[in-house]
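In each ligand, atom 1 is the first atom listed, and ligand 1 is the first ligand listed.
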Amino acid sequence: MASALTEKLSRLVKQIRGQARITEANVQDMLREVRMALLEADVALPVVRDFIARVKDKALGQEVVGSLTPGQALVGIIHRELAATMGEGVADVNLATQPPAVILMAGLQGAGKTTTTAKLAKWLIERRRKKVLTVSGDVYRPAAIEQLRTVTRQAGAEWFPSSPDQKPLEIARAALDHARRHYFDVLIVDTAGRLAIDEAMMQEIRALHAELKPVETLFVVDAMQGQDAVNTARAFKEALPLTGIVLTKLDGDSRGGAALSVRAVTGAPIKFAGVSEKIDGLELFDAERHAGRILG
Ligand code: GDP
């Protein structure tokens with residue numbers, strides 16, 4: 001499936017060779033293919049519509065320069081617009097605050113929050129030479145607290161204990177106090193996730209946000225979630241001032257169209273991509289490269 005669009009576009013490019021200008025007629029066929037490909041990649045329909053309208057706007061009447069055919073020029077426009085829609089260049093993590101910089105992890109259960117907390121801890125230790133503390137506010141699942149302890153150890157970071165008989169706010173305050181007194185650069189706070197969005201969970205994470213005043217509030221979302229990612233993203237955006245997105249499980253066989261939808265709905269930059277289950281499977285998100293993946 002991945003290479004199908006490129007092949008189809010190449011065929012269409014050949015058909016419109018020899019014309020000096022991109023016209024409505026030759027744009028139409030190509031955009032139909034792009035629309036199909038984006039829908040197949042699980043981009044949400046309204047996002048696809050907006051995207052197609054923007055490409056059409058940019059393409060129509062554009063002079064074709066040098067040795068490019070109108071078809072090739074259009075493919076270039078599509079690729080650039082796709083990358084620009086997902087973010088310009090590579091967005092780094094923001095730690096510009098009085099330490100400890102707090103990073104709050106938000107997302108549904110199973111999205112990859114705990115795994116990403118540890119991956120991010122390792123990334124910050126290795127790439128930014130930071131001293132990192134993690135803590136779990138998931139008082140509903142003792143196993144989640146244990147899981148964070150295990151993966152934090154693998155990451156080479158420090159873990160702050162918490163337990164199901166504590167309140168998440170109490171845990172957050174104690175962890176922040178510990179991080180301050182022991183000169184940690186970064187405190188990453190893993191939070192409880194539910195299988196579906198519910199108001200109690202949103203209120204709890206809002207309270208945590210108010211208490212911790214994080215410099216980064218990262219929304220962790222599973223790339224395999226496809227169309228559903230839009231609704232989840234909207235709910236979290238309404239609850240919290242998100243500063244970034246982590247798109248997990250990009251090593252799966254999804255085309256990663258969720259990136260486009262989630263970015264459109266939240267307006268927040270996609271900062272990281274999860275690319276394996278392993279502790280070092282985290283990369284800075286590269287919009288250019290991801291545009292190539294979606295286009296196939
Ligand atoms: P949480 O409930 O949001 O904390 O999710 P977890 O961190 O427990 O992750 C849920 C599952 O997804 C686990 O089996 C992880 O190993 C897996 N996972 C997380 N991120 C990735 C990733 O980038 N790639 C793959 N293949 N699996 C991942």
Side-chain angles (χ1 to χ4, degrees), residues 42 86 93 103-124 126-127 132 134-155 157 159-160 162-164 168 171-172 175 187-198 200-202 204-205 208-209 214 216-226 228-229 231-233 235-236 239-240 242 244-259 262 266 270-286 289-290 293-294:
D42 272 336
M86 291 185 291
V93 63
I103 302 179
L104 185 65
M105 310 298 281
L108 291 184
Q109 186 173 318
K113 281 186 308 300
T114 304
T115 311
T116 305
T117 299
K119 284 175 172 177
L120 187 55
K122 186 169 165 65
W123 191 90
L124 288 166
E126 287 178 358
R127 308 291 178 90
V132 185
T134 72
V135 67
S136 172
D138 193 345
V139 293
Y140 313 99
R141 292 188 309 146
I145 298 177
E146 243 343 275
Q147 186 195 346
L148 183 66
R149 178 187 196 160
T150 306
V151 286
T152 299
R153 194 183 301 129
Q154 286 169 13
W159 172 81
F160 187 78
S162 52
S163 78
I171 295 169
L187 168 65
I188 313 180
V189 182
D190 191 10
T191 59
R194 306 285 158 84
L195 290 173
I197 291 155
D198 75 68
M201 170 181 98
M202 289 304 184
E204 182 181 296
I205 200 163
L208 275 173
H209 186 276
E216 287 275 17
T217 301
L218 300 179
F219 171 53
V220 181
V221 60
D222 179 345
M224 310 281 277
Q225 222 200 339
D228 286 345
N231 297 329
T232 316
F236 276 93
L240 290 168
L242 302 176
I245 296 160
V246 182
L247 199 59
T248 62
K249 309 185 194 179
L250 271 179
D251 50 315
D253 57 8
S254 85
R255 291 262 298 278
V262 170
T266 63
I270 305 169
K271 297 202 162 180
F272 289 97
V275 295
S276 92
E277 275 186 301
K278 300 213 183 77
I279 192 85
D280 54 2
L282 188 74
E283 295 176 353
L284 283 169
F285 180 77
D286 183 336
R289 213 170 70 198
H290 199 69
R293 173 184 179 139
I294 290 180

- [ ] Determine the minimum heavy-atom distance between Ala118 and Ile279, stating which atoms define it.
- [x] CB-CD1, 3.5 Å
Task: Donor-acceptor pair between Tyr140 and Gln109 side chains, under 3.5 angstrom - done: no
With the criterion set at N/O pairs under 3.5 Å, what does the list of contacts between the protein and ligand 1 look like, atom names and distances included?
residue  : atom   : partner : partner atom : Å
ligand 1 : 2 (O)  : Gly110  : N            : 2.7
ligand 1 : 3 (O)  : Gly110  : N            : 3.4
ligand 1 : 3 (O)  : Ala111  : N            : 3.3
ligand 1 : 3 (O)  : Gly112  : N            : 2.9
ligand 1 : 3 (O)  : Lys113  : N            : 2.7
ligand 1 : 3 (O)  : Lys113  : NZ           : 3.1
ligand 1 : 4 (O)  : Lys113  : N            : 3.4
ligand 1 : 4 (O)  : Thr114  : N            : 2.9
ligand 1 : 4 (O)  : Thr114  : OG1          : 2.8
ligand 1 : 5 (O)  : Gly112  : N            : 3.0
ligand 1 : 7 (O)  : Thr114  : N            : 3.3
ligand 1 : 7 (O)  : Thr115  : N            : 2.8
ligand 1 : 7 (O)  : Thr115  : OG1          : 2.5
ligand 1 : 8 (O)  : Gln147  : NE2          : 3.0
ligand 1 : 12 (O) : Lys249  : NZ           : 3.2
ligand 1 : 16 (O) : Glu277  : OE2          : 3.2
ligand 1 : 23 (O) : Lys119  : NZ           : 3.3
ligand 1 : 23 (O) : Lys249  : N            : 3.0
ligand 1 : 23 (O) : Gly274  : O            : 3.3
ligand 1 : 23 (O) : Ser276  : O            : 3.4
ligand 1 : 24 (N) : Asp251  : OD1          : 2.8
ligand 1 : 24 (N) : Ser276  : O            : 3.4
ligand 1 : 26 (N) : Asp251  : OD1          : 3.3
ligand 1 : 26 (N) : Asp251  : OD2          : 2.7

Open item on the list: Side chains of Thr134 and Thr117: any donor to acceptor distance under 3.5 Å?
Closed with: no
Task: Residue pair Val275 / Leu282: nearest heavy atoms and the distance that separates them - done: CG2-N, 4.3 Å
Open item on the list: Testing the basics here: between Ile294 and Gly256, what is the closest heavy-atom pair and its distance to 0.1 Å?
Closed with: CD1-O, 3.7 Å
TODO: Looking only at non-hydrogen atoms, find the nearest pair between Ile145 and Ser162 and report the distance.
DONE: CG2-O, 3.5 Å
